[in-house]
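Note sheet for the following structure.
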Amino acid sequence: MEIQGRAWKYGDNINTDVLFPGKYTYTVKGQEEIASHALEDLDPTFAPNVRRGDLVIGGRNFGCGSSREQAATCLVYNGVGAVIAESFARIFYRNAINNGLLAIVCPEAAQAIQGQELVSVDLERRLIECGSGRFAFPALSATVQEILEAGGLVEQVKRRLALAGPASEGSG
Amino acid sequence: MNQETRPHQLGRQDVDQGPLPQTFAQKALARAAGLDMVEVGAVVDVRPDIVLSHDNTAAIREIWLQFGQERVAIAEKLAITLDHAVPAPTTRHAQNHAEIREFVREQGISNFFEVGRGICHQVLSEEALVLPGQIVLGADSHTPHFGWLGAFGAGIGRSEVAALWATGELWLRVPESISIVLEGDLPRGVTAKDFALRIIGDWGADGGLYASIEFSGSGIEAMSVDSRMALANMMAEFGAKSSFIRPDGKTRAYLEAALARRAARMKHEGLAEESRADVEKLQLLPDEGAAYAATYSYSAGELEPTVSCPHTVDNVAPLSAVAGVEVQQAFIGTCTNGRLEDIAEAAEVVRGRQVAVGTRLLVIPASSLVLQEALERGYIQALVAAGAAIGTPGCGPCMGNHMGVPATGEVTISSANRNFRGRMGTTDAEIYLANPAVVAASAVAGRIADPRSIV
Ligand code: SF4
């Protein structure tokens with residue numbers, strides 16, 4: 001599988017409050033509405049202009065702060081193809097994977113990629129290509145791969161429950 | 001401070017000395033995964049003892065409904081508080097609360113805490129719903145809070161909580177551990193909050209990324225339970241997965257009182273006894289010689305009051321460097337510093353004084369129990385007499401969706417844990433973080449001030 005799109009590049013410690021403001025977390029619900037507030041406090045040009053397949057590039061500790069899942073889903077609902085960063089905050093990483101959003105740790109690529117340039121990611125060969133070259137990224141863990149392949153955690157759990165059969169319902 | 005980074009070494013070299021020494025995180029995750037031992041870096045399926053959610057419970061239910069279950073698999077393990085926007089500020093928020101109450105009724109969830117009871121981490125601590133050695137997973141990033149009592153607490157996302165409701169199980173990676181040692185007594189006016197800000201300032205907001213932070217040393221032993229909570233809670237801002245403080249006599253006394261209260265409330269006399277036995281039985285301690293990714297040592301005597309400046313928590317400065325900055329709002333509260341000890345310190349600073357003209361002081365106790373005790377001891381009276389506004393126990397304006405949010409262009413000094421741009425509602429406001437006595441002194445001075453120059 002290949003992902004191709006423009007890069008939206010941001011810096012270190014991009015936190016969940018600028019990805020998706022806390023004041024909306026209990027009241028803003030629909031996918032479109034959530035998508036429209038993505039990165040609102042950091043880059044108001046992002047939500048109106050991002051296209052399906054575009055990539056978000058971050059520095060260190062991308063997604064630090066709150067556990068709010070909209071910080072990841074607001075990117076998913078905008079069609080973001082992947083997030084590439086030097087490192088991720090742990091809850092954001094989990095939220096991304098659990099919502100089927102590919103999160104790639106690749107410091108070299110995250111530094112090399114320029115804002116708005118065209119970037120492609122080849123998942124099988126684990127290669128990121130941008131104007132300044134090609135960068136390899138490490139394999140994902142088996143658990144992470146299984147969740148991404150299922151299309152997210154919810155889908156994976158549905159599969160597991162279906163396999164376990166109705167007897168598993170309601171029991172601890 | 002000094003850093004001794006040890007390689008992944010082994011305390012005991014002899015081959016037939018049995019298994020390698022384990023960190024707390026390894027032991028806690030092994031227990032919850034039903035395994036004898038887990039390696040650092042391994043991904044394991046764990047069954048937590050408690051699953052926490054709050055105002056986000058209705059959103060979690062939406063996800064859970066997709067599984068087509070009628071009953072959650074682990075109703076007895078759920079703990080739900082209404083705390084993030086309480087009492088409801090708008091009809092939409094009220095609707096959200098109503099949906100949560102409906103879910104609680106329909107699923108027969110007994111550990112449900114209404115508007116006004118307090119902030120999730122404080123309430124679960126006061127109710128002794130989490131015991132040493134246990135695992136709590138919460139749909140809230142400050143769940144490392146439960147390290148104060150020697151439990152493993154980690155924050156997770158909403159879909160993950162929904163998956164737990166359905167299956168009782170979730171994948172976790174066994175984290176590396178970082179050892180932080182504090183020796184000696186904290187100087188006057190220096191608190192656990194200052195220590196936490198110093199750690200985050202020294203090593204960065206990602207200095208503890210993915211790691212379990214194990215605290216030890218005489219400086220930690222000397223800390224009150226309230227202070228230990230502030231320290232463990234702040235590790236969320238260090239990027240940590242969880243934290244750990246060794247349970248001792250203070251921990252046990254706190255939990256026993258909490259269990260007795262809960263037993264009385266539930267009219268279940270045996271509960272306190274049973275759970276007291278559990279406290280001893282469940283406790284897990286790191287082995288001597290366990291391997292740490294890093295060890296950071298501090299001596300308490302060299303610490304000073306520390307302030308985190310806009311707009312990141314690791315942007316710290318000594319109080320002396322920022323004293324004099326004008327503030328329009330001073331806020332004391334949150335799961336970090338809204339406890340009795342914090343309110344006592346603030347009351348001592350403002351007693352017999354007035355909040356400065358042009359500045360307002362907002363005090364929100366972390367729980368109803370804190371509020372009650374603060375009333376009994378006259379702290380609330382002293383604060384109100386000085387001009388403070390008192391809010392309903394809960395999160396208040398901490399995350400910008402409830403009353404007490406700043407206007408654009410205003411400066412807030414807060415005892416909270418996070419000062420990200422936009423955190424309190426508007427991007428055009430500055431937030432400084434400090435210990436509660438500094439916040440109170442700043443309210444009185446109208447500018448960031450050192451309480452030691454007042455009291
Ligand atoms: S007080 Fe603030 S940090 Fe603590 S749980 Fe509430 S919103 Fe989160």
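Throughout, protein chains are lettered first and strands after them, A, B, ... in sequence-line order, and every chain is numbered starting at 1. Values below: all heavy atoms of this structure, side chains included; hydrogens, waters and symmetry mates excluded.
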When the 4.5 angstrom heavy-atom criterion is applied to B:L164 and chain A, the contacting part is neither
- Query: Taking side chain as C-beta onward, heavy atoms only, is A:F135 less than 4.5 Å from A:I113?
  - Reply: no
Hey, does B:M399 have a side-chain heavy atom less than 4.5 Å from the side chain of A:R68?
yes
Do B:N419 and B:S308 meet the criterion of a side-chain donor-acceptor pair at a distance under 3.5 Å?
yes
### Query
Does a side-chain heavy-atom distance below 4.5 Å link A:D41 with B:R421?
no
Among B:E160, B:R423, B:K77, B:Q66, the residue with the most heavy-atom pairs under 4.5 Å to chain A is B:E160
Whatever's closer than 4.5 Å to a heavy atom in chain B on A:Q156 counts as neither
From the list A:N15, A:N98, A:I91, A:L153, the residue making the most non-hydrogen contacts under 4.5 Å with chain B is A:N15
Okay, B:D55 and chain A: the region with an atom under 4.5 Å from a heavy atom over there is both
Whatever's closer than 4.5 Å to a heavy atom in chain A on B:R418 counts as side chain
What I want to check is whether the side chains of B:N233 and B:H121 have a donor and an acceptor closer together than 3.5 Å. no
**Report entry** 4.5 Å side-chain heavy-atom contact, B:I109 and B:F103
**Finding:** yes
Bottom line for B:N417: the part with an atom under 4.5 Å from chain A's heavy atoms is neither
Applying a strict 4.5 Å limit to non-hydrogen atoms, the region of B:S159 in contact with chain A is both
One option among B:D45, B:L209, B:N96, B:I63 has the most heavy-atom pairs under 4.5 Å with chain A, and it is B:L209
If one checks every heavy atom of A:Y93 against chain B at 4.5 Å, the contacting part turns out to be side chain
In terms of heavy-atom pairs under 4.5 Å with chain B, the winner among A:N99, A:V144, A:T16, A:N95 is A:N95
**Prompt:** Side chains of B:I178 and B:M235: does their closest heavy-atom pair fall under 4.5 Å?
**Reply:** no
Cut-off 4.5 Å, heavy atoms of chain B, and the answer for A:I147 is side chain
B:T426 versus B:D428, side-chain donor and acceptor atoms under 3.5 Å = no
Practice task
Give the C-alpha distance, both sets of side-chain angles, the deciding distance and a yes or no for side chain to side chain donor-acceptor pair (under 3.5 Å) between B:E237 and B:H142.
Solution key: CA-CA 8 Å; B:E237 307 312 316; B:H142 288 91; 2.6 Å; yes
| Does any N or O in the side chain of A:Q114 come within less than 3.5 Å of the main-chain N or O of A:G131, such that one atom is a donor and the other an acceptor? | no
Answer key: most heavy-atom pairs under 4.5 Å with chain A among B:H93, B:M424, B:E169 is B:H93
Under 4.5 Å to a heavy atom of chain B? For A:T27 that would be both
Heaviest contributor of heavy-atom pairs below 4.5 Å to chain A, chosen from B:T143, B:V313, B:V43, B:D206, is B:D206
Turns out that what part of B:H97 lies under 4.5 Å from chain A's heavy atoms comes down to neither
Applying a strict 4.5 Å limit to non-hydrogen atoms, the region of B:A205 in contact with chain A is both
If one checks every heavy atom of A:T73 against chain B at 4.5 Å, the contacting part turns out to be neither
Please evaluate residues A:Y24 and A:E40 with respect to the criterion side chain to side chain donor-acceptor pair (under 3.5 Å), reporting the C-alpha separation (whole Å), side-chain torsions for both, the decisive distance (0.1 Å), and the verdict.
CA-CA 11 Å; A:Y24 300 133; A:E40 175 175 290; 2.8 Å; yes
